[in-house]
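Both ligands and their constituent atoms are indexed starting at 1 by order of listing.
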Amino acid sequence: MGHAPRIGIFDSGIGGLNVAAAIRQALPTERLLYFGDNAHVPYGERTAEEILAFSTAITEALLAKGCEAIVVACNTASSAALGPLRKQFPGVIIVGMDPAVKPAVEHTRTGVVGVLATRATVDGRALADVVERFGQGVKVIQQACPGLAQRIDAGDFEGAKTEEMLRGWIEPMVLKGIDTLVLGCTHYPLVRPLIERIAGPGVRVIEPSEAIARRLKSLLEEHALFSTSGSIPPAGSPPRDPAASQGLLACYTSGDPANFRKVLERLGLEDAPVKQGIWEADGSLKLP
Ligand code: DGL
C-alpha cells in the first residue's frame with residue numbers, strides 16, 4: 001500500500017468485513033487496513049484471556065503499520081478486550097461493537113426481542129450490561145450459536161447444515177413472540193438472507209455495522225483526524241464516484257488468502273489486496 005493506513009479493523013475472520021464495507025461507505029477516502037484472524041476462528045469458543053491476548057497483539061501490529069484508530073469489528077473481542085485495550089493504548093481511538101439491543105428495544109411492539117451471538121458474548125459482561133441498561137420492560141432472549149461463526153467463516157452461507165442450525169435457534173424465538181432480532185456477531189450478517197427467511201416477514205433483523213461506521217466518523221471528526229484528502233463531502237455535493245474509493249482497503253489474513261478473496265468478491269470489495277499475516281511463536285503478529 002502506497003500510504004500508511006489510518007484505520008485498523010480486525011475480527012476473528014471474515015465477519016468484520018461487513019463493518020469494513022460500512023466504514024468504506026461512510027468514509028470513502030480513508031485508508032483502511034483489515035486483519036482477519038481466520039487461523040484462530042472461532043473466538044466465540046475461546047477463553048477471555050486468549051481473546052484478549054490475540055486482540056492485544058493484533059492492535060499492536062495495526063498500530064505498528066501506522067493506524068491511528070482501531071475498530072474491533074468483532075462482538076466477541078469487543079466484549080472480552082475493549083476495556084483492557086483502551087487502558088493499554090490510551091491515546092488511540094478504539095471503537096468496538098455494541099450489541100444493538102437499544103434500537104431493538106425501541107423497535108419492538110411485542111416486547112420480545114431476540115439476540116443471536118457467540119457463546120463468549122452471551123456469557124460475557126458487555127451484552128448483560130446493555131440488556132440491563134436498555135432492556136427494561138422488554139424480554140430479551142439471548143441465544144448462543146456455537147459453531148455458526150466457524151461455518152460462515154468456512155464459506156457456508158446457504159448450506160443445509162447452516163440452515164438447520166439457524167432454524168433450531170430462531171424458530172423457538174419466533175414462537176415466543178420476537179418481532180426484532182439482533183445479530184450480535186459480525187459473522188451473522190453474511191447469512192442475513194437465510195436468517196430473514198427463517199424468521200419470516202414479521203421479524204425485523206438489526207445489525208450495527210452502519211451505526212459503528214457513523215460512530216467512528218464522529219470520533220474522527222471530534223479528534224480532527226480526518227484524512228487530508230477530504231473525507232467530509234460539503235453539504236449538497238453530488239454522490240461520490242465509487243471508483244474513486246478503490247484501493248483504500250487492504251487486507252491481511254492469518255488464514256488462506258484465496259478463501260479470503262472469495263468473501264471480498266461477495267461483498268463487492270474485490271479490489272482490496274490480501275496478504276498473509278503471520279503469528280510468531282512469541283505470540284506477536286507480523287504483517288509484512
Ligand atoms: N465475528 C465475531 C463476533 O462478532 C466472532 C466469531 C467467532 O470467532 O466466534 O463475535
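The closest protein non-hydrogen atom to atom 1 (N) of ligand 1 is His187 ND1, 2.7 Å. Remark: minimum distance from atom 9 (O) of ligand 1 to any protein heavy atom is reached at Gly44 N, 2.8 Å. Remark: minimum distance from atom 10 (O) of ligand 1 to any protein heavy atom is reached at Thr76 OG1, 2.6 Å.
Per-residue contacts place Ala149 under 4.0 angstrom from the following atoms of ligand 1 (heavy atoms of the residue considered): 6 (C), 7 (C), 9 (O). Atoms of ligand 1 lying under 4.0 Å from at least one heavy atom of Pro42, given by number and element, are 7 (C), 8 (O), 9 (O). Against a heavy-atom cut-off of under 4.0 Å, Val41 is close to the following atoms of ligand 1: 8 (O). Remark: ligand 1 atoms within the under-4.0 Å shell around heavy atoms of Ser12 are 1 (N), 2 (C), 5 (C), 6 (C), 7 (C), 8 (O). Listed by number with element, the atoms of ligand 1 under 4.0 Å from a non-hydrogen atom of Asn75 are 3 (C), 4 (O), 10 (O). Per-residue contacts place Asp11 under 4.0 angstrom from the following atoms of ligand 1 (heavy atoms of the residue considered): 1 (N), 2 (C).
Side-chain N/O atoms of Thr121 and Asn75 include no donor and acceptor closer than 3.5 Å. A donor atom on one side chain and an acceptor atom on the other are not found under 3.5 Å apart for Asn259 and Asn38. Inspection of the Ser79 and Thr76 side chains reveals no N or O donor paired with an N or O acceptor under 3.5 Å. Using a 3.5 Å distance cut-off with no hydrogens or angles, the side chains of Arg151 and Thr162 do pair a donor with an acceptor. Asp179 and Thr108 share a donor-acceptor pair across their side chains, judged by distance under 3.5 Å alone.
A distance of 7.5 Å separates CG in Leu62 from CZ in Phe10, rounded to the nearest 0.5 Å. Of the inter-residue distances, the one linking Glu30 atom CD with Arg24 atom CZ reads 12.5 Å to the nearest 0.5 angstrom.
By the 3.5 Å distance cut-off applied to N or O atoms, Tyr43 is counted among the residues near ligand 1. For a threshold of 3.5 Å applied to N or O pairs, the pair formed by Thr186 and ligand 1 contains at least one separation below that value.
Taking each heavy atom of Lys65 and Leu287 in turn, the nearest pair found is NZ-O, 3.0 Å. Minimum heavy-atom separation, Arg86 to Ile94: NH2-O, 2.7 Å.
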* What do the steps show when you test Tyr43 against Phe54 for ring-ring contact (aromatic ring centres under 6.0 Å, His included), and what is the final call? -> CA-CA 9 Å; Tyr43 278 14; Phe54 294 145; 5.6 Å; yes
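Note on ligand 1: Cys74 sits in its first shell, one or more heavy atoms being nearer than 4.0 Å. Residue-ligand proximity: Gly15 is placed with every non-hydrogen atom at 4.0 Å or more from ligand 1.
The residue Asp153 has no part lying near ligand 1, judged by heavy-atom distances below 4.0 Å. For Cys185, heavy-atom contacts with ligand 1 shorter than 4.0 Å involve the backbone as well as the side chain.
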